[in-house]
Amino acid sequence: MVLHSRDQYKGDWADRLFVAGPLAVATVLPGSPAAEAGVQPGDTIISIGGEIPVTDGGTLREAGVALLAARWQPGTPLSVQVSRSGTAHQAGLYPVAGCDVTVEVTTDDGMAARTDGQIIQLGHRLVQAASDSDLAVILAHELGHVILRHRERLHAAHGGDKAPQKYRRHAEEEADRLSPYLVANSGLNPALVPDFWRSPLGRRVNRGLLRDRAYPPTSERVRQTQVEATALAAGRLPVPPDLLASRDQAIITDD
């Protein structure tokens with residue numbers, strides 16, 4: 001289901017859309033768990049997961065955080081309470097296995113991609129400029145940060161965004177290394193990763209808003225991702241064991 005919230009709109013028209021609460025269902029995808037549970041467009045979301053009420057100030061972002069916080073498992077129903085024409089309805093959704101990350105396209109004019117470990121944000125100019133394969137590489141890099149718990153590890157050991165440059169650089173290099181494996185696991189050619197960093201868009205992204213000394217130079221991103229893409233072509237395991245093992249370790253480097 002696609003949700004929308006009162007804070008995204010202005011005027012009387014918005015007031016009519018959100019009479020029963022600030023968070024509502026915009027549309028329901030056919031054949032989805034929401035459709036099978038009987039959720040309908042126009043339903044107002046009252047609570048998620050049974051214990052996470054939507055307050056009067058509820059926003060789409062808060063709903064996304066609530067959904068992530070529910071941490072339901074495939075095969076176990078996720079309870080969502082909705083209001084429809086003034087009557088409360090309880091829906092039990094049976095979600096399928098999927099990525100535990102929300103992706104947002106921001107309305108700013110930046111070319112940035114970033115993640116806080118739960119939400120990946122892409123600037124709309126970046127999305128407009130990128131091909132599908134470019135987006136696969138960009139998302140793979142950001143998912144690498146999520147999978148390797150970089151934000152959590154940096155915050156615990158070094159104060160997060162205030163971590164010394166060399167530790168943030170180490171996190172970037174790990175995400176670069178993992179990205180060809182994620183691209184390959186999605187059914188695409190891992191060679192797309194070094195090809196992206198060689199491309200005009202890849203160079204532009206690395207020189208642009210993302211570029212500071214914590215980010216490897218383009219030549220190094222090409223070299224490292226080419227090493228991993230070549231290893232994959234030679235039949236290496238789908239996920240580098242040393243990278244996965246690092247998820248529970250502090251980010252420490254002597255470089």
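Just so we're clear, the structure is a prediction, and the values are computed from it rather than from any experiment. Scope of the values below: all heavy atoms of this structure, side chains included, with no hydrogens, waters or symmetry mates.
When the side chain to side chain contact (heavy atoms under 4.5 Å, CB included) test is applied to Val146, the partners found at least two apart in sequence or on another chain are Val101, Thr115. Taking Asp132 as the reference, nothing meets the side chain to side chain contact (heavy atoms under 4.5 Å, CB included) condition, with sequence neighbours excluded. Take Thr106 and apply the side chain to side chain contact (heavy atoms under 4.5 Å, CB included) test, not counting sequence neighbours, and it matches Asp108, Arg114, Gln121. Under the rule for a side-chain hydrogen bond (donor to acceptor under 3.5 Å, both in side chains), Gln81 has no partner lying at least two apart in sequence or in another chain. Glu174 pairs by the salt bridge (charged side-chain N to carboxylate O under 4.0 Å, His left out) definition with Arg153, not counting sequence neighbours. Looking at residues two or more places apart in sequence or on another chain, you find no salt bridge (charged side-chain N to carboxylate O under 4.0 Å, His left out) involving Glu152. Shown here are the salt bridge (charged side-chain N to carboxylate O under 4.0 Å, His left out) partners of Asp195, two or more places apart in sequence or in another chain: Arg198. Under the salt bridge (charged side-chain N to carboxylate O under 4.0 Å, His left out) criterion, Glu104 pairs with Arg61, not counting sequence neighbours. Considering only residues two or more places apart in sequence or on other chains, Ala140 meets the side chain to side chain contact (heavy atoms under 4.5 Å, CB included) condition with Ser179, Leu182, Val183.
Closest non-hydrogen pair, Ala171 versus His150, comes out as O-CE1, 3.0 Å. Taking every heavy atom of both residues into account, Leu29 and Ser32 meet most closely at O-OG, 2.7 Å. The minimum heavy-atom distance between Leu188 and Ala136, with the atom names listed, is CD1-CB, 3.6 Å. The heavy-atom pair separating Ala26 from Pro41 by the smallest distance is O-CB, 3.7 Å. The two residues Ala20 and Thr44 have their closest heavy-atom pair at CB-OG1, 3.5 Å. Contact between Ala175 and His145 at its shortest, heavy atoms only, is CB-CE1, 3.6 Å.
Counting only residues at least two apart or in different chains, ring pair (Phe, Tyr, Trp, His ring centres under 6.0 Å) contacts with residues 14-39 comprise His4-Phe18, Tyr9-Phe18. Sorted by first and then second residue, the pairs that involve residues 81-97 and meet salt bridge (Lys or Arg N to Asp or Glu O under 4.0 Å), not counting sequence neighbours, are Asp43-Arg84.
For the residue pair Tyr181 and Glu228, a side-chain donor N or O sits within less than 3.5 Å of a side-chain acceptor on the partner. His141 and Glu172 share a side-chain donor-acceptor pair at under 3.5 Å.
The CG atom of Leu3 sits 10.5 Å away from the OG1 atom of Thr27 when rounded to the nearest 0.5 Å. With rounding to the nearest 0.5 angstrom, the OG1 atom of Thr76 is 12.5 Å from the CG atom of Leu93. A distance of 6.0 Å separates CG of Leu126 from CG of Leu201, quoted to the nearest 0.5 Å. Taken from CZ in Arg223 to CD in Gln226, the straight-line distance is 10.5 Å, to the nearest 0.5 Å. Considering OG1 of Thr225 and CD of Glu220, their distance stands at 9.0 Å, rounded to 0.5 Å. Here Thr102 contributes atom OG1 and Gln118 contributes atom CD; the two are 8.0 Å apart, rounded to the nearest 0.5 Å.
Criterion: ILVMFWY side-chain heavy atoms under 4.5 Å apart, direct or through other members. Under it, Ile138 and Val105 are part of a common hydrophobic cluster. A single hydrophobic cluster is seen to contain both Met111 and Val103, as judged by linkage of ILVMFWY side chains at heavy-atom distances under 4.5 Å, directly or through other members.
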- Query: So Ile147 and Leu178, side-chain contact (heavy atoms from CB on, under 4.5 Å) or not? Walk me through it.
  - Reply: CA-CA 9 Å; Ile147 292 168; Leu178 186 56; 4.1 Å; yes
- Verdict with reasoning, Arg177 to Leu148, per side-chain contact (heavy atoms from CB on, under 4.5 Å): CA-CA 11 Å; Arg177 283 190 59 203; Leu148 298 174; over 6 Å; no
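Side-chain N or O atoms of Asp176 include none that pairs as donor or acceptor with a backbone N or O of Glu173 at under 3.5 Å. The closest donor-acceptor contact from the side chain of Asp116 to the backbone of Ile119 lies under 3.5 Å.
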Please output the side-chain donor-acceptor pairs of residues 244-252 that fall under 3.5 Å, not counting sequence neighbours, one pair per line with the distance.
residue	atom	partner	partner atom	Å
Ser246	OG	Leu243	O	2.5
Arg247	NE	Leu244	O	3.4
Asp248	OD1	Arg149	NH1	2.5
Gln249	NE2	Ala245	O	3.3

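Among Ile46, Ile45, Val82, the one residue that satisfies the side-chain contact (heavy atoms from CB on, under 4.5 Å) test with Leu23 is Ile45.
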